Amino acid sequence: MNSPKPFCTNPKKLKAFVLGCDPTAFDNKGSRLEFEYVFDLGNDKRYFSGAMKNLNLFGLSLDDIYVQNLIIDYQDEETGKNKEWERIATNSILDRRTEFDAIDSTKKTPVLLTSEMLYKVLLKPGTPRYKARQFYDLEVPVPIPSGLNLLARPLIPLYRHFRYKLSEHKNYLKHLQAIFYYA
């Protein structure tokens with residue numbers, strides 16, 4: 001079983017990295033799904049459709065992003081049920097940092113986080129932690145500065161959960177549009 005490949009159609013046009021948790025998913029019979037690319041991009045866009053709708057709202061397309069998971073290997077359990085996820089994710093951070101730095105040595109290209117679990121594991125120890133609502137209500141700075149996280153890049157929460165559809169968070173959408181308008 002091979003890990004899914006990262007998805008990027010045009011690295012020269014890169015405006016953002018999109019980071020998922022891990023590739024693990026199961027069908028309704030409990031069989032593991034295996035993908036050629038992360039989120040099955042390039043084949044079946046349904047696993048990325050919510051994220052893509054959000055990206056389109058502030059002006060990004062599949063041609064503008066590099067999509068990868070923090071943990072690239074399939075796990076025995078889905079992210080939220082995996083008791084080892086945080087430990088494995090922590091051990092994967094340096095690999096993702098190295099990968100992203102090889103693509104963008106300026107370290108200015110932001111990383112869009114698809115899950116709050118990523119935010120929690122990527123923060124440097126001792127850094128204040130905020131709730132998703134605080135980001136989406138713009139009560140705290142967005143992007144999260146490079147100096148506060150282990151990827152050493154700006155981080156932007158763009159969670160996949162249905163509660164965080166940008167169409168329901170107009171001020172956050174305008175904020176992201178402003179960020180990427182100048183990118």
Side-chain angles (χ1 to χ4, degrees), residues 1-11 13-100 103 110-123 131-133 135-136 149-151 155-169 172-173 176:
M1 150 178 43
N2 294 324
S3 300
K5 295 179 264 191
F7 185 87
C8 183
T9 62
N10 190 351
K13 195 178 170 192
L14 185 68
K15 293 183 182 174
F17 293 97
V18 178
L19 190 63
C21 292
D22 66 76
T24 311
F26 299 92
D27 65 18
N28 56 8
K29 295 178 183 172
S31 297
R32 183 191 329 270
L33 299 173
E34 294 188 21
F35 305 131
E36 180 181 4
Y37 293 98
V38 295
F39 292 100
D40 206 20
L41 286 165
N43 295 308
D44 183 346
K45 294 181 179 157
R46 75 180 127 166
Y47 302 107
F48 201 68
S49 64
M52 199 69 246
K53 286 177 187 173
N54 280 337
L55 290 164
N56 290 158
L57 283 172
F58 62 89
L60 296 185
S61 72
L62 281 178
D63 290 335
D64 301 316
I65 59 176
Y66 180 97
V67 188
Q68 177 62 293
N69 286 312
L70 180 56
I71 299 171
I72 63 168
D73 298 320
Y74 292 99
Q75 303 297 299
D76 292 332
E77 295 180 287
E78 289 179 2
T79 307
K81 297 175 184 174
N82 185 347
K83 293 178 179 24
E84 295 296 313
W85 189 88
E86 189 173 328
R87 180 189 60 76
I88 298 165
T90 300
N91 290 335
S92 301
I93 294 171
L94 182 57
D95 291 336
R96 291 304 72 71
R97 183 174 173 169
T98 301
E99 178 181 356
F100 292 172
I103 295 163
V111 178
L112 303 172
L113 305 176
T114 62
S115 168
E116 193 169 27
M117 291 180 71
L118 293 165
Y119 164 69
K120 291 176 180 176
V121 78
L122 290 171
L123 283 184
K131 296 186 181 302
R133 179 196 54 76
F135 291 116
Y136 279 76
N149 71 78
L150 299 169
L151 286 179
L155 302 180
I156 299 174
L158 191 67
Y159 301 150
R160 291 177 58 213
H161 193 279
F162 69 88
R163 278 190 223 137
Y164 303 113
K165 291 190 289 188
L166 288 180
S167 59
E168 304 295 321
H169 297 276
Y172 194 60
L173 172 59
L176 295 180

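Everything numeric here is computed off the predicted structure, so don't read it as measured data.
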Side chain of Glu86, backbone of Glu84: donor and acceptor closer than 3.5 Å?
no
Which heavy atom of Val121 sits nearest a heavy atom of Leu150, and at what distance?
O-CD1, 3.9 Å
Have Tyr37 and Gln68 got a donor and an acceptor in their side chains that come within less than 3.5 Å?
no
side-chain contact (heavy atoms from CB on, under 4.5 Å) assessment of Asp76 paired with Asn82:
CA-CA 8 Å; Asp76 292 332; Asn82 185 347; over 6 Å; no
For Gln75 and Ile88: C-alpha separation, side-chain torsions, deciding distance, then whether side-chain contact (heavy atoms from CB on, under 4.5 Å) applies.
CA-CA 10 Å; Gln75 303 297 299; Ile88 298 165; 3.1 Å; yes
In short, Arg32 meets Thr24 closest at the heavy-atom pair NH1-CG2, 4.2 Å
Below 4.5 Å, heavy atoms only, C-beta onward: do Ile156 and Phe135 meet side chain to side chain?
no
Over all heavy atoms of both residues, which pair between Tyr66 and Cys8 is shortest? Give the atoms and the distance, please.
CD1-CB, 3.5 Å
Could you measure the distance from the CH2 atom of Trp85 to the OG atom of Ser92? Nearest 0.5 Å is fine.
8.5 Å
Salt bridge (charged side-chain N to carboxylate O under 4.0 Å, His left out) filter on Arg133, not counting sequence neighbours, yields Asp137, Glu139
Considering residues at least two apart in sequence or located in another chain, which fulfil the side chain to side chain contact (heavy atoms under 4.5 Å, CB included) criterion with Leu60?
Lys15, Ala16, Leu55, Phe58, Asp64, Ile65, Leu112, Phe180
Using the ring centroid of each side chain, check whether Tyr159 and Tyr119 are separated by less than 6.0 Å.
no
Below 4.5 Å, heavy atoms only, C-beta onward: do Asn43 and Glu36 meet side chain to side chain?
yes
Atom pair CG (Asn2) and CD1 (Ile72), whose distance is rounded to the nearest 0.5 Å
10.5 Å
Can we say Asp44 and Arg46 salt-bridge, meaning some charged N sits less than 4.0 Å from an Asp/Glu carboxylate O?
yes
Centroid-centroid under 6.0 Å between Phe39 and Phe7 rings
no
Evaluate the side-chain proximity of Thr114 to Leu158: yes if any heavy-atom separation is below 4.5 Å, no if none is.
no
Within the 4.5 Å heavy-atom criterion, are Glu99 and Pro6 side-chain neighbours or not?
yes
Is the backbone N or O of Arg163 less than 3.5 Å from a side-chain atom of His169, with the two atoms forming a donor-acceptor pair by type?
yes
Check: Leu113 and Leu122 side chains under 4.5 Å, non-hydrogen atoms:
yes
Is the backbone N or O of Leu94 less than 3.5 Å from a side-chain atom of Thr98, with the two atoms forming a donor-acceptor pair by type?
yes
List the steps and the verdict of side-chain contact (heavy atoms from CB on, under 4.5 Å) for Arg96 and Val111.
CA-CA 11 Å; Arg96 291 304 72 71; Val111 178; over 6 Å; no
Flag yes if more than 12 heavy atoms outside Asn91 fall under 6.0 Å of its CG atom; otherwise flag no.
yes
Pairwise side-chain contact, Cys21 with Asn69, heavy-atom cut-off 4.5 Å (strictly under)
no
Side chain to side chain contact (heavy atoms under 4.5 Å, CB included) partners of Glu78, counting only residues at least two apart:
Phe26
For the residue pair Pro157 and Tyr164, establish whether any side-chain heavy-atom pair is separated by less than 4.5 Å.
no
Determine whether the aromatic ring centres of residues Phe35 and Tyr47 are separated by less than 6.0 angstrom.
yes
Atom of Asn56, atom of Ser61 and distance for their closest heavy-atom approach:
ND2-CA, 4.0 Å
Nearest 0.5 Å, what's the CG-CG distance between Leu123 and Leu118?
11.0 Å
Shortest non-hydrogen separation from Ala89 to Leu70 and the atoms involved:
CB-CD2, 3.7 Å
Start with the C-alpha gap between Asp22 and Tyr74, add the side-chain angles, then the distance that decides, and say whether side-chain contact (heavy atoms from CB on, under 4.5 Å) holds.
CA-CA 7 Å; Asp22 66 76; Tyr74 292 99; over 6 Å; no
Return the minimal non-hydrogen interatomic distance between Leu166 and Asn54, and the atom names on each side.
N-OD1, 2.8 Å
Within-4.5 Å side-chain heavy-atom neighbours: Leu19 and Leu155
no
